[in-house]
Each structure stands twice: as structure tokens, then as C-alpha cells.
Amino acid sequence: MSRNDSYYDYLITPDLQLAADLLKQTHSQTSGRDGYVQVDFPADALLQPIR
């Protein structure tokens, strides 16, 4: 993992947690049919092998 990856993780994790917390009730009320969080990764991150 490069230094930039750890910064990306550090920056995105709180946002993902907040989104998941906000959508938890929707997910429960729709029996899992709705209330998901989608993450779009930078294209170059998908092409690099994990080391």
C-alpha cells in the first residue's frame, strides 16, 4: 500500500461511516432492498496489485 492509499482511507472512512449510519434505518425498513452506500475508487487504484 502506498502512502497515498493510507491518506485516501483516512479521508474516506469517516464519510462512509456517516453515510452508513444515516442509511441504517432505511436499510432496516426496506428489509435490505435499499439503504446502501456506494464507493467509487480511483481507476488507478484498481489496476495496482496489493503488496
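Residues satisfying the side-chain contact (heavy atoms from CB on, under 4.5 Å) test with I12, not counting sequence neighbours, are Y8, L16, V39. The side-chain hydrogen bond (donor to acceptor under 3.5 Å, both in side chains) check on Q29 picks up nothing, with sequence neighbours excluded. Take D34 and apply the side-chain contact (heavy atoms from CB on, under 4.5 Å) test, not counting sequence neighbours, and it matches T26, T30. Residues satisfying the side-chain hydrogen bond (donor to acceptor under 3.5 Å, both in side chains) test with Q25, not counting sequence neighbours, are none.
The shortest non-hydrogen separation linking P14 to Y10 is CD-O, 3.3 Å. In terms of heavy atoms, G35 sits closest to L23 at O-CB, 3.6 Å.
Residues L22 make up the rest of the hydrophobic cluster containing L18, defined by ILVMFWY side-chain heavy atoms closer than 4.5 Å, directly or through other members.
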Please step through side chain to side chain donor-acceptor pair (under 3.5 Å) for the pair D40 and Q38, ending with a clear verdict. CA-CA 7 Å; D40 294 325; Q38 179 176 331; 3.1 Å; yes
